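Everything numeric here is computed off the predicted structure, so don't read it as measured data. The chains referred to below are lettered A, B, ... by the order of the sequence lines, with proteins before strands, and numbering in each begins at 1.
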There are 2 protein chains.
Amino acid sequence: MTTHDVREHVIGTADALFYGRGIQAVGMDVLKAESGVSLKRLYTLFPSKEAIVLAVLERRHALWSQGLETAIEAASSPRDRLLAVYDYLADWFCIDSFRGCGFINAFGELGAVSPSVADAVRSHKRSFQASLTRLVHDIGGSSELAAQLAILAEGAQTTAAISGTPEAAGQARRAAESLIALSDAGLREALAVTS
Amino acid sequence: MTTHDVREHVIGTADALFYGRGIQAVGMDVLKAESGVSLKRLYTLFPSKEAIVLAVLERRHALWSQGLETAIEAASSPRDRLLAVYDYLADWFCIDSFRGCGFINAFGELGAVSPSVADAVRSHKRSFQASLTRLVHDIGGSSELAAQLAILAEGAQTTAAISGTPEAAGQARRAAESLIALSDAGLREALAVTS
DNA sequence: GGCTGCTGAGAACGTCCGTTCTCAAGGCTG
DNA sequence: CAGCCTTGAGAACGGACGTTCTCAGCAGCC
């Protein structure tokens, strides 16, 4: 068991605990008990609890981005790659332990009190929007469309979390399909006269 | 200064504090200092801090719903009434103290630890979805469209909160206009063949 | 006016948090 | 094998939390 392995183990345990119960609801002694790593060692591995929180967010970002990328690459057409984002969300919402976006949760809990947490959340969301923008540009869509699709994805996450059902993913996906179809067909101007 | 007035004053003060700093970040002594109401009195007015949190959520729901209703009623056509929802969001996002949806924040912070808070958040969101569904039905739209527009509104709130800019409101509004136009024109079938 | 009962303020309480300290055990060096 | 030095565990610490207690002040009544 190398130091690095223990570190990763602690981060993984902390991730599950923080995500499942809320960050402030998990004390260092609980993390000690669940990870089997003594307090002394925890504090030699990390300078503070906040550092653990940041490491957890980093890991969560890496896993999430990697999973998303894998889902995207599995699709064949540019349009399917874009829609794969929502299928990825749908799969995620169905997991038992799903409790919303960990970044949004962390932001609500600590965003006003810890600037570094707020920054980590912001950069995660920026990264997601960048991925989406790239996919949208691949089908010739505008940045505006990318922003709209990102808003749908964000809304699906919070809606699924609060309602406790995964159906928001399908609704967001169908909404995205509509917006993409509109953009594809270049029908926005044509429809504008009817509204 | 009646008991009722003091109660309302405490709830208002607590709302501002909880929303601005996070619920767990505000202790009872801070609430005492900011409201000018002694701890003894606070605990005669409310049985616990959690009761104050619930009262705050109730008040926030009342104010928010009332503001939304006012914004809706000010619009003249059914379509404008529906889009007024997003203009209401836009105005809200521009307020300096905007820090996201207080209910989403509370859910992320306490949803896993306090079932009553989770319930309050769920019923607020259900109420919002019900309002939206009513407005959508008034223009002949489906429940599916209402769900999609709700997701857009949710996404706009978290996006605006995390990004720190109000532009998500406009993006969500334009996305909503697109979805409504598609629904209005009954063009979904026509477009399906092009996708 | 003196006694009584109630309300007020905030000191005090127990608990739990994040963090540090003590000290015992073990491995490497000579 | 003796000495030392690193590392381990978890008891201990200071502070902050939510909640309760004490007691001074002040009505109202005899």
Side-chain angles (χ1 to χ4, degrees), chain A residues 1-11 13-57 105-106 108-118 120, chain B residues 1-11 13-57 105-106 108-118 120:
Chain A
M1 209 56 160
T2 74
T3 296
H4 177 264
D5 288 341
V6 176
R7 225 187 109 94
E8 291 303 304
H9 169 67
V10 168
I11 295 174
T13 309
D15 192 7
L17 290 171
F18 290 165
Y19 181 66
R21 310 187 194 175
I23 295 170
Q24 307 197 73
V26 176
M28 292 298 284
D29 47 352
V30 171
L31 180 54
K32 166 202 147 189
E34 293 286 323
S35 67
V37 175
S38 77
L39 281 176
K40 175 73 183 297
R41 190 138 191 227
L42 285 176
Y43 276 92
T44 61
L45 291 169
F46 304 92
S48 65
K49 183 183 181 182
E50 187 176 36
I52 302 181
V53 173
L54 292 174
V56 162
L57 292 181
N105 293 348
E109 194 171 348
L110 297 174
V113 96
S114 162
S116 13
V117 169
Chain B
M1 209 58 159
T2 74
T3 295
H4 177 266
D5 287 342
V6 176
R7 225 187 110 94
E8 291 303 304
H9 169 67
V10 167
I11 295 174
T13 308
D15 191 8
L17 290 170
F18 290 164
Y19 180 66
R21 309 187 194 174
I23 294 170
Q24 308 197 70
V26 176
M28 291 299 284
D29 48 352
V30 170
L31 180 55
K32 167 202 147 190
E34 293 286 324
S35 67
V37 175
S38 78
L39 281 176
K40 175 72 182 294
R41 191 133 191 232
L42 285 176
Y43 275 91
T44 61
L45 291 170
F46 304 93
S48 66
K49 184 184 180 181
E50 187 176 36
I52 301 181
V53 173
L54 292 174
V56 161
L57 291 180
N105 293 348
E109 193 172 350
L110 298 175
V113 97
S114 163
S116 14
V117 168

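Applying the salt bridge (Lys or Arg N to Asp or Glu O under 4.0 Å) definition to pairs two or more places apart or across chains, those involving residues 13-30 of chain A are Asp15(A)-Arg59(A), Asp15(A)-Arg60(A).
Residues satisfying the side chain to side chain contact (heavy atoms under 4.5 Å, CB included) criterion with Ala120(B), sequence neighbours excluded, are Leu54(B), Leu57(B).
When atom types are taken as modelled, the side chain of Glu109(A) and the backbone of Gln24(A) share a donor-acceptor pair closer than 3.5 angstrom. A distance-only check finds a donor-acceptor pair linking the side chain of Lys49(B) to the backbone of Ile23(B) [under 3.5 Å].
Atom CG of Leu110(A) and atom P of dG18(C) are 11 Å apart (whole Å). Rounded to an integer number of Å, the gap from Leu45(A) CG to dT7(D) P is 12 Å.
Summarising the geometry, atom CG belonging to Leu39(B) is positioned 6.5 Å from atom CE belonging to Met28(B); distances are rounded to the nearest 0.5 Å.
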- request: Spell out protein contact along nucleotides 10-22 of chain D as letters: B when the base is contacted, S when just the sugar-phosphate is, - when no protein heavy atom is under 4.0 Å; keep the 5' to 3' order.
  value: BB-----SSBBB-
